[in-house]
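For reference, the structure is listed below as structure tokens.
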2 protein chains.
Amino acid sequence: MKNNLRERREQAGESQGDLAVAVDVSRQSINAIERGRYDPSLELAFKLARHYDCAIEAIFDPELAD
Amino acid sequence: MKNNLRERREQAGESQGDLAVAVDVSRQSINAIERGRYDPSLELAFKLARHYDCAIEAIFDPELAD
DNA sequence: CCACTCTGTAAAGTGTGCTTTACAGTAAAG
DNA sequence: CTTTACTGTAAAGCACACTTTACAGAGTGG
């Protein structure tokens, strides 16, 4: 699943560590999600969307059904 | 995390089995999610939202931050 | 040169999302 | 009474989301 986390984070002037603290996960988790190693849990997706004040759908994209 | 899956499903006149087939998971998974035993993965949340033609936020609610 | 920040990555461990198989209870329909 | 459809639940197993600790490389600033 694609996401634009990195773009949003950089535009917000945050480091991976900053964001990790803000949504209460490890820096490695943020890094892994940005790099597409795995998808976040639904709960973390909600926290990220709330942090960037947008819809989950605005950050994550299932990129064509399966 | 709260959700209104059961209401939506019943209003759509579907059984748990119908929905399970539609979003390609087991009937037990649908049952567990409806009964709040666990939250779906982000991907499954997307499939459910697409199935009911609504936003993820319209089905799931993180019910007050932690 | 040294300290500091940021990022990438690896390994081992925990919890949980989801699976399959299986059985029990309820309700409607023959 | 028997069958059929739907739901609830349990156990065992696999995959992955996330953790902690740890190390390496690039860039910046003293």
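Letters A, B, ... are given to chains in the order of the sequence lines, protein chains preceding strands, and every chain is numbered from 1. Quick caveat: nothing in here was measured; it's all calculated off a predicted structure.
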ask   = Does N31(A) place a side-chain N or O at less than 4.0 Å from the phosphate oxygens OP1/OP2 of dG8(C)?
value = yes

Note: contacts of residues 7-22 of chain A with DNA chain D (heavy atom, under 4.0 Å) are none

Shortest non-hydrogen pair, R8(B) vs A58(B), comes out as NH2-O, 3.3 Å

### Message
Any side-chain N or O of S26(A) below 4.0 angstrom from OP1/OP2 of dT19(D)?
### Response
yes

* Asked: Does a side-chain heavy-atom distance below 4.5 Å link S41(B) with L42(A)?
  -> no

From CG of D39(B) across to P of dC18(D) the rounded distance in Å is 12 Å

When rounded to whole Å, the NZ to P distance for the pair K47(B) and dG17(C) reads 16 Å

Item to check | Check: E57(B) and E57(A) side chains under 4.5 Å, non-hydrogen atoms | outcome: yes

Rounded to whole Å, the CD-C1' distance (Q28(B) to dC6(D)) equals 12 Å

Rounded to whole Å, CZ of R27(A) lies from P of dA24(D) at a distance of 15 Å

- Query: Looking at E34(A) and R6(A), does any basic side-chain N land under 4.0 Å from a carboxylate oxygen?
  - Reply: yes

(request) Record whether the side chain of R37(B) comes under 3.5 Å of the base of dG8(D) through a donor-acceptor pair of N or O atoms. (result) no

Separation of dG17(C) atom C1' from I30(B) atom CD1, nearest Å, is 12 Å

L5(A) CG to dG8(C) P, in whole Å, measures 13 Å

Rounded to whole Å, the CE-C1' distance (M1(A) to dC16(D)) equals 13 Å

* Are any of the side-chain heavy atoms of V23(B) and I30(B) separated by less than 4.5 Å? -> yes

Heavy-atom closest pair (R9(B) atom, Y52(B) atom, distance to 0.1 Å) is CA-OH, 3.2 Å

Is the shortest side-chain heavy-atom distance between F60(B) and N4(B) below 4.5 Å? no

Rounded to whole Å, CD of E43(B) lies from P of dC18(C) at a distance of 9 Å

Winner on side-chain proximity to P40(B), out of dA10(C), dC18(D), dC18(C), is dC18(C)

Regarding the side chain of Y38(B), the nearest nucleotide among dA22(D), dC18(C), dT19(D) is dC18(C)

inquiry  = Ignoring hydrogens and geometry beyond distance, is the side chain of E34(A) in donor-acceptor contact with the base of dT7(C) at under 3.5 Å?
reply    = no

Any base atoms under 4.0 Å from S41(B), or only sugar-phosphate, or nothing? Heavy atoms, all strands.
sugar-phosphate

Phosphate contact (dG8(D) OP1 or OP2) by R6(B) side-chain N/O below 4.0 Å: yes

